[in-house]
Amino acid sequence: MRLSHTSGREKELAATSTARPAPAGPSDEALMQRFHQGDSQAFKVLLERHRRGVFNFLLRHVGDSSAAEDLLQDTFLRVVQGAQRYKLESKFTTWLYTIARNLCVDRARKMKFRRHRSLDQPVGSDDDSSLGERIAIEGIPTDRQAIGSELQVKLEQAIATLREDQREVFVMREYSNLPFKEIADIIGVPENTVKSRMRYALEHLRRALAEYQDYAKALV
Amino acid sequence: MELDCRRCDEGIVEFLYGELDDGNAAAFEQHLRQCPRCAAALEQMRQTRETFAQLVMAEPPALRDDDPILEAARAAAGTMAARRQQAAASEAGAGSFWDRLLGVFGGAALRPALGTAVVLVLVVGIGLLFFADRPRHDGPAPSATEELTPIPASELRTQAPEEVAPPPPEPPAPPTPAPVPDEQVVAPPPPTPEPPAPAKVARPPRLSRAPGQPRERAAAETVAREAEAGRAAPALDRAGETVAEQAPPLVVEAQRVQAQAPAPPPVPSTAARSSGGGIDTAPTAPIIPTPPLPRPAAQMGQRYSLDSDQAATPASPSPAGAPAQAPARVAVPAAQSEYDRGMQSFRSGNYQDAADELDMFVRSPSSPASLIPSGIHHLALSQRRLGNLSAAARSYDRLLRQYPSYPRRAQALLEAAEVQGRLGNRAQAEALLRQLSAVPGWSERARAEMARLQHRGIGVDGPLGPDTADEAADEAAETAMPAAAPPAEAAPSGNAY
């Protein structure tokens, strides 16, 4: 039946993530415990597991890949520096993304201009592409650029037009695969607020991409 | 369970992401079979998800073996492993005094900057110890043990009367450590400086030092620990800018209070606080986090008589050598014990436990009134550091409304304004900062924070306004402070919350 199938598809879609597949092997907390005991290789596993998700979270916060790289390094350095005080009973990803988010907020305050600068603005005189296009193009495998670059750009631009609080919830849920409760802990708002922001984000993105729905389906 | 469209609308996102339990999911499915409107809404969201699932994630730079993060991780792993070995050896009492001493400095000596100093100290110490008039033991020498591990008062009382000395007075509190933002787990505060050894217990003479050498082994150890703990960690942070600048006056105040406080009797220090007045001027003022003693928390708990039954029965008779005026061991009220535990957790950086314990404390009708403002303040700080900004905002609001004479009101105003700013409640943040600017000596800080607030775009100035009026109303309901604050009481009971 369709609705049962829908429910099954929901679970399937929820179980998969474009950025953060279910980790194979020891849990994040187990790896941190091993790091506590002096196993630096355990930290490397953690780093490789979460770099991509955190990088994309940072990228969509600051809108600049070089800044996101710097913040990525700062984030994990703070994890290393604070590892001894990390409470193993706490969720590692909550701690990790809280660090990353706070670094974004601190950076935005220091930059003294709006963090939600439009990604449609040209980034420089010698580069006519917008930030949204740059973000979309930089990470795309070469063989897909010719096919779906326009869609990628539009997806990035649509995400960039989200309100900041909605965008961070959407990115964390959709691409870092963090559950709503954990996102609420990271952001410091009630869980219902997180779900509301997610709903509004999806509605906004749907309207923004209404003209590309069929185009996207054709690529699948 | 029957669902209507409103409830379905509220839970549709959870259903979409598979976060509903089986029972609720089944109810949703049943409703969706019967309601084409809700089914269509779900389908639209699902298609949107599928579309955006095609977004190719950007790749961070490739990770190299010589990446600074991995280098830092290797160094930290080595340090943590060494510390664990040292802690295990100390607790097990394994090895001779010399083994432990070398183990303590083994880690520090790895650093070139401290290696020479540590070696010189060891050489001088070994030489002087040959002339020390102290008994030899098979196990670790007690005086050396004291220096490395202060003996809690409870253990001192169990010794023979002629060997017992008054417990050492609480050491002067160190300066407030670097600020602890929400996520940061800062370096452990520096260890307590060596307490003065009990007079009746022999101790080796102080080590002579070469010019430029650390005054004491503890100082060298302190420097080593600070360096290891990453005091050179970069980055200012928001919490730091609001808290760190206040460290000096609070330190001065705490040290002044500390100096004026009478020598504590051999009872848990919480007994002294229980008789305090309306102003929180306890010797171990919560303002200055006291470095944790190297004893497990359980033993600390016993010392503070967390169990009222335990407290009512002294563990041992009062020592003959104790001051005559020292009162008998008194029972500590359970509520006050919650305060102590909460403050201990706070000082240890365990903000979740601190928040739980302090929340219980401020809700308890038997809580000492003099401690409630401090309890609320530290509850707010714990909530803030946990990222629970809404709860922190409520705590600050209660503190500021119900305790206008709170000594650290100005600091609380600043922190509350920062929290409101992060919640996106700019108007309330500005109102708090205007109050702060009226406090003598705080106008400059208030102006600086106001300027930061004006440049901040957190959740207030987005690229688009609310898409719908409903969205704006939902957001306002979730994040705004209550329109009608609880009525202020002339004499806060500390119970309403």
Side-chain angles (χ1 to χ4, degrees), chain A residues 3 7 10-11 13-14 18-19 35-36 38-40 43-44 51-52 55-56 59 69 72-73 76-77 80-86 95 98-99 102 106 109 112 114-116 135 138-140 152 155 161 163-165 174 179-180 185 188 190 193 195-196 198-200 202 204-206 209 216, chain B residues 13-19 25 29 32-33 44-45 47-49 51-61 63 68-70 72-74 76-78 80-81 84 181-185 230 233 235 237-238 349 387-390 452 455-459 461-464 467 471 474 478-479:
Chain A
L3 287 175
S7 175
E10 256 65 64
K11 290 187 188 303
L13 207 58
T18 56
F35 183 46
H36 275 193
D39 182 2
S40 61
F43 183 82
K44 186 177 179 183
R51 286 181 82 231
R52 194 159 168 253
F55 178 70
N56 280 270
L59 184 60
E69 291 173 13
L72 179 68
Q73 187 154 21
F76 282 98
L77 278 176
V80 170
Q81 291 163 0
Q84 194 165 5
R85 298 295 297 271
Y86 165 70
W95 182 47
T98 301
I99 293 174
N102 283 350
D106 290 345
R109 185 184 59 179
K112 294 184 179 178
R114 288 171 179 255
R115 287 193 286 129
H116 50 266
I135 292 173
E138 282 175 5
I140 299 176
Q152 296 292 321
L155 294 179
T161 59
R163 218 173 68 178
E164 182 176 332
D165 54 348
E174 192 62 43
F180 290 123
D185 292 339
T193 302
K195 295 171 191 172
S196 294
M198 188 68 185
R199 191 170 83 245
Y200 292 129
L202 288 171
H204 176 91
L205 292 174
R206 182 187 63 79
L209 276 190
Chain B
V13 172
E14 285 177 281
F15 180 77
L16 178 66
Y17 283 89
E19 290 195 13
E29 289 182 13
L32 291 169
R33 289 190 198 99
Q44 285 181 343
M45 289 188 186
Q47 290 180 2
T48 303
R49 278 199 72 198
T51 302
F52 280 87
Q54 300 174 58
L55 181 65
V56 178
M57 305 302 292
E59 291 292 334
L63 188 63
I69 300 173
L70 292 177
R74 293 186 193 105
M80 286 191 287
R84 289 180 69 89
D182 298 324
E183 86 299 341
Q184 183 176 355
V185 283
D237 52 71
R238 289 169 293 129
N388 191 351
L389 298 181
S390 298
R452 274 193 285 268
H455 285 106
R456 188 181 301 166
I458 302 172
D461 299 316
L464 299 173
D467 288 342
E471 178 184 348
D474 284 353
E478 291 285 358
T479 62

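Chain letters run A, B, ... following the sequence lines, proteins first and then strands; every chain starts at 1.
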Note to self: Please find the pair of heavy atoms, one from Phe55(A) and one from Glu59(B), that lie closest to each other, and give the distance.
What the structure shows: CE2-O, 3.6 Å
Item checked: Heavy-atom contact with chain A under 4.5 Å, split by part of Ile69(B) -> both
Item checked: Candidate pair Glu174(A) and Tyr17(B), rule side-chain contact (heavy atoms from CB on, under 4.5 Å), full reasoning -> CA-CA 9 Å; Glu174(A) 192 62 43; Tyr17(B) 283 89; 2.5 Å; yes
Notebook entry, point to check: Gln44(B) side chain to Arg206(A) main-chain N or O, any donor-acceptor pair under 3.5 Å?
Noted result: no
Item checked: Interface residue of largest heavy-atom contact number with chain A, from Glu14(B), Met45(B), Arg74(B), under 4.5 Å -> Glu14(B)
Next item on the list: Look only at the side chain of Gln54(B) and the backbone of Gln152(A), and say whether a donor-acceptor pair between them is shorter than 3.5 Å.
Entry: no
Check: Closest heavy-atom contact between Met80(B) and Ala83(A)?
Finding: CE-CB, 4.2 Å
Item checked: Heavy-atom closest contact (Pro61(B) atom, Glu69(A) atom, distance) -> CG-CD, 3.4 Å
Next item on the list: Taking all heavy atoms of Ala73(B) and all of Phe35(A), pick out the closest pair and write down the distance.
Entry: O-CE1, 3.4 Å
Notebook entry, point to check: What is the distance from atom CE of Met57(B) to atom CG of Leu59(A), rounded to the nearest 0.5 Å?
Noted result: 8.5 Å
Check: Looking at Gly38(A) and Ala81(B), what are the two nearest heavy atoms and their distance?
Finding: CA-CB, 3.9 Å
Item checked: Main-chain N/O of Leu202(A) paired to Arg49(B) side chain as donor or acceptor, under 3.5 Å -> no
Note to self: To check you understand the geometry: which heavy-atom pair defines the closest contact between Ala76(B) and Val80(A), and what is its length?
What the structure shows: CB-CG1, 3.6 Å
Check: Given the options Leu155(A), Leu72(A), Asp185(A), Asp39(A), which has more heavy-atom pairs under 4.5 Å with chain B than any of the others?
Finding: Leu155(A)
